[in-house]
Undergrad: 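Quick one: the structure is below, and I'll ask about it shortly.
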Amino acid sequence: MYGLKQDWEVEEEARCLVLEDFESLTPRWCPGCGDHAVLGSLQRLARDLQLPPEEMVIVSGIGCSSRFPHYMKTYGFHGLHGRPLPIASGVLSRRPDLNVFVVTGDGDCCAIGTAHWIHAIRHNMNLTVLLFDNNIYGLTKMQSSPTTPLGNPSNTHPGGVPIGPINPLEVTLGIANASFVAQTLDWNPLHLYNTIKQAHEHNGLAFVRILQRCPHFMRDRWNELQDDTSQVVVLEHPDGIQVEDGVRRIFPNIRTHDPADLGGGRHLATGEEGIPMGLLYRNPASPRYNDITEQGLGLTTADKLAGLEAELDRFAL
Ligand SMILES: Cc1ncc(C[n+]2csc(CCOP(=O)(O)OP(=O)(O)O)c2C)c(N)n1
Ligand code: SF4
Ligand SMILES: [Mg+2]
């Protein structure tokens with residue numbers, strides 16, 4: 001220590017992250033766009049859980065919602081249309097220590113990204129996937145998406161969409177090895193926050209469909225649900241999404257659903273009982289592909305070369 005006193009050493013102060021530590025550019029989304037609410041929820045969650053920004057990555061595709069990484073002061077990857085899931089899987093396979101969130105739109109995930117969606121659910125890597133479902137292509141100005149309701153006019157179908165939509169919950173629950181499937185609404189901040197929180201805490205791929213307002217191109221889309229809140233069925237269970245008093249006061253239709261019950265979750269996903277809000281299915285025992293890709297990450301170059309040599313030696317004469 002060159003004779004210097006120990007008390008010259010500077011002690012690092014304990015870190016206390018505040019909201020500003022997660023805020024970046026001013027969002028360019030339209031006023032009233034549901035994307036603002038999700039951004040606020042994730043920033044608050046990161047602050048509340050004190051997630052270090054340098055250990056957080058937001059990966060998105062292309063779309064209005066996919067501008068999300070620009071607005072978080074964390075690492076981010078504004079990727080290619082339909083490809084956030086393979087990008088995020090790649091990030092996680094090398095850096096399983098990071099908190100990786102995926103932001104994807106209904107066009108991004110359910111149209112051009114469908115194949116990646118299916119295989120990502122099956123691979124069940126430890127990702128939090130937020131599907132911003134506004135039922136339309138927002139960024140490219142009102143083309144039909146696979147979730148646009150039957151008969152809804154759009155720029156690709158001015159006379160109304162001629163074929164009924166796919167239901168992202170039913171599709172996801174139909175894929176082998178699904179491990180966490182939930183639905184929430186951008187206009188109920190309590191439920192939105194609690195859903196993203198539990199999705200983040202889940203070890204495996206947590207798929208959250210967020211019914212998202214797009215006042216610019218789908219002005220009246222969710223009005224009915226907002227005016228008559230009994231159309232929503234809130235799912236409650238000790239293993240499900242927390243239902244706080246603020247949610248109870250707004251939604252009169254609350255029912256118990258055990259998220260371990262896949263058949264029950266699939267039935268609720270159809271919407272026959274009302275629009276489900278909560279955790280439809282959770283299986284913490286589903287195998288995770290990242291448990292395999294993580295193997296050997298700590299090996300040195302010498303270890304890897306020795307391993308390769310040993311493999312090649314097996315074929316030596
Ligand atoms: C390969 C490719 N095809 C098409 C596009 C054009 N494009 C950009 S965003 C988009 C749709 C976005 O809709 P969605 O994913 O629902 O996001 P939103 O804007 O509604 O949030 C399309 C078709 C593109 N950028 N790249
Ligand atoms: S077009 Fe729709 S989805 Fe895009 S920013 Fe505006 S309100 Fe949001
Ligand atoms: Mg969309």
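When a ligand or atom number is given, it counts from 1 through the structure's own listing order. Note that the structure is a prediction, hence the values are computed from the model and not measured.
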Undergrad: For atom 4 (C) of ligand 1, what's the nearest protein heavy atom and its distance?
TA: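 Going atom by atom, the protein heavy atom closest to atom 4 (C) of ligand 1 ends up being H81 CD2, 3.6 Å.
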
Undergrad: Using a strict 4.0 Å threshold on nitrogen-to-oxygen distance, state whether E244 and R248 make a salt bridge.
TA: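 Looking at E244 and R248, the cut-off is not met.
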
Undergrad: Can you find an N or O of D35 that's nearer than 3.5 Å to an N or O of ligand 1?
TA: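 In fact, backbone or side chain, D35 has no N or O that close.
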
Undergrad: Quick one: side-chain hydrogen bond (donor to acceptor under 3.5 Å, both in side chains) partners of D291, sequence neighbours excluded?
TA: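 Testing D291 for side-chain hydrogen bond (donor to acceptor under 3.5 Å, both in side chains), a comparison that skips the adjacent residues, returns R288.
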
Undergrad: Could you check whether the rings of H78 and H70 sit parallel, tilted or perpendicular, using 30° and 60° as the cut-offs?
TA: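 Geometry flag for H70 against H78: perpendicular rings.
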
Undergrad: Taking 4.0 angstrom as the limit and counting only heavy atoms of I136, give me the atoms of ligand 1 inside it, by number and element.
TA: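 With I136 as reference, the close atoms of ligand 1 come out as 16 (O), 20 (O).
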
Undergrad: Is there a polar contact between ligand 1 and Q212, counting only N or O atoms under 3.5 Å apart?
TA: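 In this structure, Q212 places no N or O atom under 3.5 Å from an N or O of ligand 1.
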
Undergrad: Between I112 and ligand 1, is there a nitrogen or oxygen pair with a distance under 3.5 Å?
TA: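 Min N/O separation from ligand 1 is not below 3.5 Å for I112.
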
Undergrad: Is the distance between the ring centroids of F68 and F101 under 6.0 Å?
TA: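 No - the distance between ring centres of F101 and F68 does not fall below the 6.0 Å cut-off.
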
Undergrad: Counting each atom of ligand 1 from 1 as listed, which ones have a heavy atom of C64 under 4.0 Å away?
TA: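 Heavy-atom distances to C64 below 4.0 Å select 18 (P), 19 (O), 21 (O).
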
Undergrad: Below 30° counts as parallel, above 60° as perpendicular, anything between as tilted: where do the rings of W117 and F207 land?
TA: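 Rings of W117 and F207: parallel, under 30°.
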
Undergrad: Return a yes/no value for S66: is any of its N or O atoms, backbone included, closer than 3.5 angstrom to an N or O of ligand 1?
TA: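 By distance alone, the answer is no.
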
Undergrad: Applying a heavy-atom cut-off of 4.0 Å, say which part of I62 lies close to ligand 1: side chain, backbone, both or neither.
TA: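 Both backbone and side chain.
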
Undergrad: Is the ring pair W29/Y71 parallel, tilted or perpendicular, if the boundaries are 30 and 60 degrees?
TA: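 It falls in the perpendicular class, over 60°.
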
Undergrad: In the protein, which heavy atom is nearest to atom 6 (C) of ligand 1, and how far is it?
TA: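 The protein heavy atom lying closest is T140 CG2, 3.8 Å.
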
Undergrad: Does any N or O atom in Y137 lie less than 3.5 angstrom from one in ligand 1, N or O only?
TA: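 Between Y137 and ligand 1, no N or O pair is found under 3.5 Å apart.
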
Undergrad: List by chain and number: which residues place a heavy atom under 4.0 Å from ligand 2?
TA: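 Protein residues near ligand 2 are W29, C30, C33, C64, N134, Q212, C214, P215, H216, F217.
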
Undergrad: Between L139 and ligand 1, which residue portion shows a heavy-atom distance shorter than 4.0 Å: side chain, backbone, both, or neither?
TA: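 Near ligand 1, L139 shows its backbone as well as its side chain.
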
Undergrad: Classify the contact between L80 and ligand 1 as side chain, backbone, both or neither, using a heavy-atom distance cut-off of under 4.0 Å.
TA: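 No part of L80 is near ligand 1 at this cut-off.
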
Undergrad: Atom 15 (O) of ligand 1: which of D108, N135, V103 has the nearest heavy atom?
TA: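 The residue whose heavy atom sits nearest atom 15 (O) of ligand 1 is D108.
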
Undergrad: Do G107 and ligand 1 have an N or O pair less than 3.5 Å apart?
TA: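 Checking ligand 1 against G107, an N or O pair does fall under 3.5 Å apart.
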
